[in-house]
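What you see is a predicted model; the values in this text were computed from it and never measured. When a ligand or atom number is given, it counts from 1 through the structure's own listing order.
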Amino acid sequence: MFGSHLSIAGSMVNALVEAEGLGMECVQVFTKNQQQWKAKPLDDGMVREWHAKVKALGWDRGGPDGRGGLVSHASYLINLASCKDDLWAKSVDLMQDEIERCEALAIPYLVHHPGSFVGADLATGMNRIIDAYAELFSRTKGYRTVSCLEGTVGAGSTIGGRFEELADLRARIADQTGQGGRLAFCLDTCHMHAAGYDLSTRAQGEAVIAEFDRVCGLSHLGVLHCNDSKGKAGSKLDRHEHIGEGWIGGTVKPHAGKGTYTPARLRDSGFAAWMAHPAMINVPKILETPKVNDAKGKPYDLINLRRLRMLAGV
Ligand SMILES: [Zn+2]
Ligand SMILES: [Zn+2]
């Protein structure tokens, strides 16, 4: 199933309507203004309207868990790895709000970045995340929303650039809370490539899938973010490019700033390996590429979607 991160401006239901208009099967949203610590509670009428539209679209069915492929992305303000007590406590409170909003909206997947251990070390940061989840899962016991630890480019003190870190977090949180079923992973093709998991050829893409399966387990992949990369493999640059126009699937001339799209090059890129893999069929595959139109005024989401679907053979 394919979707995109779309805007909830006006009303949350607008993202569903826009995704439907673009011919998608799912959507990713923020359930609140992602730049604010405090959010107004969800409006009851808006929640009812959301459920009615989701049901009408049939987007409460299918997907990895049979509950559809709707995805929420948590606020970037949240840092569960923080060693500063006040920021950590605020982050846990906001993450609780994110989980509760997903539960109210029956959104099965909540994606978030594991966090940054700035001012401390990796081991301390990992422990802080595990403590945060112990608190979160006890405050929200029995909730159905699955939180997905997102792989990052691993720049600086950011956690999640290595599959081993993601696997370790999930295993230890499952151990600590006994609620491991509420935790999965989200991968991002741009992040993997920039983190050093080179996806620029189909063979390398297949090797990265095998590596993720070995370390984390493909069955624990909840969401896949589909973005090409403005940075080379290992650049640690988190900048998303249109599919087939970056260093993963395009032909990029150094200093040209942008890659050239050709179907043949894209078919030999790591995108082909990921899109054609049978384990990906039911995984929500979400575009987070720039929301612009081409010269003819066509939304680039439609163009990126067509390129991914070509590779998936759907
Ligand atoms: Zn992403
Ligand atoms: Zn990113």
Side-chain angles (χ1 to χ4, degrees), residues 1-8 15 19 24 26-31 34-35 64 69-81 95 98 102 107-116 146-163 165-166 169 183-199 205 208-209 212 216 220-243 245-250 259 270-271 274-275 280 283-292 300-301 304-305 308:
M1 45 176 48
F2 289 94
S4 177
H5 188 112
L6 296 175
S7 168
I8 57 160
M24 295 169 172
C26 57
V27 70
Q28 177 176 283
V29 292
F30 294 122
T31 64
Q34 65 96 2
Q35 284 156 349
L70 294 175
V71 182
S72 167
H73 198 299
S75 167
Y76 292 107
L77 296 172
I78 294 171
N79 183 6
L80 302 179
M95 187 65 182
E98 297 275 7
C102 286
I107 295 176
Y109 298 100
L110 171 62
V111 170
H112 78 100
H113 298 192
S116 158
V146 173
S147 296
C148 299
L149 299 159
E150 180 170 2
T152 64
V153 300
S157 49
T158 306
I159 297 173
R162 308 281 319 155
F163 294 159
E165 292 168 10
L166 297 175
L169 280 174
L183 211 58
F185 303 111
C186 169
L187 289 178
D188 183 310
T189 48
C190 167
H191 298 178
M192 284 190 276
H193 190 71
Y197 295 103
D198 194 327
L199 296 177
V208 173
I209 295 175
F212 176 76
C216 293
H220 297 304
L221 183 65
V223 178
L224 182 66
H225 288 164
C226 302
N227 305 304
D228 212 321
S229 172
K230 279 190 198 290
K232 292 184 192 183
S235 63
K236 312 268 161 142
L237 205 63
D238 184 0
R239 291 189 59 206
H240 302 179
E241 183 54 279
H242 298 301
I243 306 298
E245 298 181 19
W247 284 95
I248 299 176
F271 279 118
W274 284 87
M275 292 307 113
M280 297 301 134
V283 171
K285 293 174 278 296
I286 305 288
L287 289 165
E288 295 176 322
T289 42
K291 301 290 179 229
V292 291
Y300 239 99
D301 265 6
N304 287 317
L305 195 64
L308 292 177

*Asks:* Before you tell me yes or no, could you show the steps for D228 and E245 under side chain to side chain contact (heavy atoms under 4.5 Å, CB included), namely the whole-Å CA-CA distance, both residues' side-chain angles and the distance that decides it to 0.1 Å?
*Replies:* CA-CA 7 Å; D228 212 321; E245 298 181 19; 5.5 Å; no
*Asks:* Would you check if the Zn ion (ligand 1) lies under 2.8 Å from any N, O or S atom of H225?
*Replies:*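 True for H225.
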*Asks:* Classify the ring geometry of Y76 against H113: parallel below 30°, tilted from 30° to 60°, perpendicular beyond 60°.
*Replies:* perpendicular
*Asks:* Could you check L187 against M192 for side chain to side chain contact (heavy atoms under 4.5 Å, CB included), going step by step and ending with a plain yes or no?
*Replies:* CA-CA 7 Å; L187 289 178; M192 284 190 276; 4.0 Å; yes
*Asks:* Kindly report the NE2-the Zn ion (ligand 2)-OD1 angle for H191 and D238 respectively, rounded to 10°.
*Replies:* 90°
*Asks:* Specify which N/O/S atom of E150 comes nearest to the Zn ion (ligand 1), by atom name.
*Replies:* OE2
*Asks:* So do the side chains of T31 and I107 get within less than 4.5 Å of each other, counting heavy atoms only?
*Replies:*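 Of all side-chain heavy-atom pairs linking I107 with T31, at least one is under 4.5 Å.
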*Asks:* Rounded to 10°, how big is the angle at the Zn ion (ligand 1) from D188 OD2 to E288 OE1?
*Replies:* 90°
